[in-house]
> 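Structure in structure tokens, see below.
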Amino acid sequence: MYTEKELLSEAWTRLEASVLKFENEPIGTVAATIDKSAQQFNYGHCFIRDFVPSALAFLTKGKGEIVANFLRQTLKLQISDKNIDEVRAHMDGVRPGIGLMPASFEIVEEEGQQVVRADFGERAIGRVTPVDSCLWWLILLRIYQRATGDEELVQEAGFQRGIRLILNLYMLKQFDMYPTLLVPEGAFMIDRRMGVYERPLEIQALFYAALLAADELLLPKNKQDIHTEIEQRLARLKMHIREHYWLDLEKVNEIHRYENEQFGEEICNKFNIYPESLEAWAIDWVPKEGGYLAGNLGPGRMDFRFFAIGNLMSVICSLADETQSQKIMNLIGKRWIDLVGNMPMKLCFPAIEDKEWELITGCDPKNVSWSYHNGGSWPVLLWFLVAAALKVGRRSIAERGIRIAEKRWCEYKDKDRWPEYYDGRKGNLVGKKAMRYQTWTIAAYIVAKDLMENPQHLEWIAF
Ligand code: GLC
């Protein structure tokens, strides 16, 4: 049995041990501090998305250097007209667009020299596209600026240019006409086949926060031609998500009574959602006081699953309005066993099972029901939960979440060893294939504890 103090101090030791160095400078953290036998996986890489809670943790201690180094390094890896030929030469048919940031990078030795090697998905399992990397990068750049007060870094020409490249790529006019971002399967934290292609909520929430960040970070002279477009996109995106993704009892009832095959402008069922697609669990699951944003929306398709990051980020960046944010927290409170259980918290609820699991995941054994991305519980979500709860004045939810994780870890610390995820309907089991000493599990705990003590740090993250 450990005390909370010991647990936190162990977390710091482990976080420090995960630091990745390049030319003797700290430039990131590896995804998990693993033993050699597991090194065939890419957990020795520094992932852009995984580094965010590490960065937050370091910033709470005033350690901005590692974050600045990380931002500089990843900026160098961003695809631009300078490096595009060189990058593409290594790739077997994969063609990342100009502006894209990698999913991760590693330090390797080439001819006796250390080099940074990026992975844009050309080596990743399933060859997935890391759409969220650029978005997290922008969000982190703003976090860094707010936490350190360093205005110079972001004003450097290279950074201003990097931001513009991202905007050019993400605001490119393609075939889609919605304000949402249309993405391929597994383009974010859920980087496997899980039926999350099209317009997943997590990407929309990150896109919204990233656009707000970019607009804040660009110097006036560098956004003259794009500022209005950003503002318009933000407004349309906000309206679209708040109106069409929102699900509460009233909306569920509306869907239950939907007429179909409606044509024209003034219609109610704009996306032609069939009431039959409303899953039985969803009907009884949404409490009167609660609500949430649906996982995805497209023609004839509404994904009724609850996705934690999308919903919590929507609260954090005010993509959800005030009432909706309160209702999301009410839902979490009322459906605590389902969504939090014994480890905060489920990445996605409920799990898909049987035939649906076969069809949607392609029989992925890692994503069997109530495991990993498919209803598994991820301790990294603790920091999102705490930040969202504090943002809307629901401190008791934040406290409750931390207490649960702390209780388990103080009791089982040497057994659990900071796993990547937990399995089971209540999150009782260490995940079947979970890595140990997963860095974002450790960092999230540090960040969650810090936010409780220093709620003013929320200003780094929130909008
Ligand atoms: C897994 C997760 C992904 C994470 C990576 C490193 O691939 O699905 O979200 O970034 O591991 O931790």
Side-chain angles (χ1 to χ4, degrees), residues 14-15 17-20 28-35 38-57 70 74 101-106 118-137 139-140 183-197 200-203 205-206 307-310 312-313 345-348 351 361-362 364-368 371-384 417-423 430-445:
R14 295 279 166 195
L15 182 64
S18 75
V19 170
L20 189 64
T29 50
V30 293
T33 37
I34 42 173
D35 56 50
Q39 231 142 42
Q40 76 257 35
F41 296 116
N42 47 3
Y43 285 83
H45 286 214
C46 174
F47 283 75
I48 313 278
R49 71 176 77 87
D50 292 46
F51 183 67
V52 174
S54 296
L56 282 167
F70 168 90
T74 39
M101 292 263 178
S104 63
F105 62 85
E106 63 180 326
D119 187 352
F120 289 87
E122 77 276 17
R123 284 180 289 147
I125 297 168
R127 301 293 190 261
V128 279
T129 316
V131 179
D132 65 339
S133 287
C134 283
L135 306 175
W136 276 122
W137 189 84
I139 295 167
L140 184 60
V183 303
E185 181 66 295
F188 50 104
M189 173 176 177
I190 298 181
D191 52 1
R192 298 171 84 88
R193 190 170 149 190
M194 262 283 283
V196 290
Y197 55 92
L201 177 67
E202 179 169 328
I203 285 288
L206 294 177
F307 287 87
I309 298 189
L312 296 172
M313 265 315 274
M345 74 181 270
K346 291 258 168 40
L347 186 56
C348 151
T361 72
D364 184 351
K366 210 164 167 184
N367 270 335
V368 288
S371 183
Y372 204 48
H373 301 142
N374 186 16
S377 302
W378 291 68
V380 62
L381 297 181
L382 188 60
W383 88 258
F384 291 92
R417 289 177 282 143
W418 307 99
E420 185 184 12
Y421 64 97
Y422 287 79
D423 285 349
V430 170
K432 205 171 195 134
K433 299 273 178 204
M435 286 289 156
R436 304 294 187 151
Y437 304 116
Q438 177 81 15
T439 305
W440 66 4
T441 296
I442 298 164
Y445 174 61

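Each ligand, and each atom within it, is numbered from 1 in the order the structure gives.
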> Would you mind reporting whether F307 and I190 have side-chain heavy atoms less than 4.5 Å apart?
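Result yes, sub-4.5 Å side-chain heavy-atom pair found.
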
> Under 4.0 Å from any heavy atom of A31, which atoms of ligand 1 are there?
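By the 4.0 Å cutoff, the relevant atoms are 6 (C), 12 (O).
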
> Before giving the answer on side chain to side chain donor-acceptor pair (under 3.5 Å), spell out for D423 and S371 the whole-Å C-alpha distance, their side-chain angles and the decisive distance to 0.1 Å.
CA-CA 5 Å; D423 285 349; S371 183; 2.9 Å; yes

> In this structure, does ligand 1 have an atom that sits under 4.0 Å from one of the heavy atoms of H373?
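Yes, that is the case, since the closest heavy atom of the residue is under 4.0 Å from the ligand.
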
> Got the closest protein heavy atom to atom 12 (O) of ligand 1, with its distance?
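For atom 12 (O) of ligand 1, the nearest protein heavy atom is D50 OD2, 2.6 Å.
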
> Counting each atom of ligand 1 from 1 as listed, which ones have a heavy atom of E420 under 4.0 Å away?
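Answer for ligand 1: 11 (O).
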
> Please answer whether the main-chain N or O of E122 pairs with a side-chain N or O of R127 as donor and acceptor at a distance below 3.5 Å.
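The answer is yes, because a donor-acceptor pair under 3.5 Å joins these two groups.
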
> Considering only heavy atoms, which of F47, Y43, F188, Y372 lies nearest to atom 2 (C) of ligand 1?
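Among F47, Y43, F188, Y372, the closest heavy atom to atom 2 (C) of ligand 1 belongs to Y372.
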
> Name the orientation class of the two ring planes belonging to W378 and H373 (parallel below 30°, tilted from 30 to 60°, perpendicular beyond 60°).
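Rings of W378 and H373: parallel, as their planes differ by under 30°.
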
> Does T441 reach the main-chain N or O of P419 with its side chain, forming a donor-acceptor pair under 3.5 Å?
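At least one qualifying donor-acceptor pair exists.
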
> How many angstroms lie between CG in L135 and CG in L140, if you round to the nearest 0.5 Å?
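Taking CG in L135 and CG in L140, the distance rounds to 12.5 Å.
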
> Taking both backbone and side-chain atoms of M189, is any N or O found less than 3.5 Å from an N or O belonging to ligand 1?
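Yes; the residue has a nitrogen or oxygen that sits under 3.5 Å from a nitrogen or oxygen of the ligand.
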
> Hey, looking at atom 7 (O) of ligand 1, which of N42, D191, V128, V30 has the closest heavy atom?
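The option holding the nearest heavy atom is D191.
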
> Does R192 have a heavy atom less than 4.0 Å from any atom of ligand 1?
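Not so, R192 does not reach ligand 1.
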
> Does any N or O of ligand 1 fall below 3.5 Å from an N or O anywhere on Q438, backbone included?
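Such a contact does occur with ligand 1.
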
> Under a 4.0 Å N-O cut-off, is there an ion pair linking R49 with E202?
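No salt bridge links R49 with E202.
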
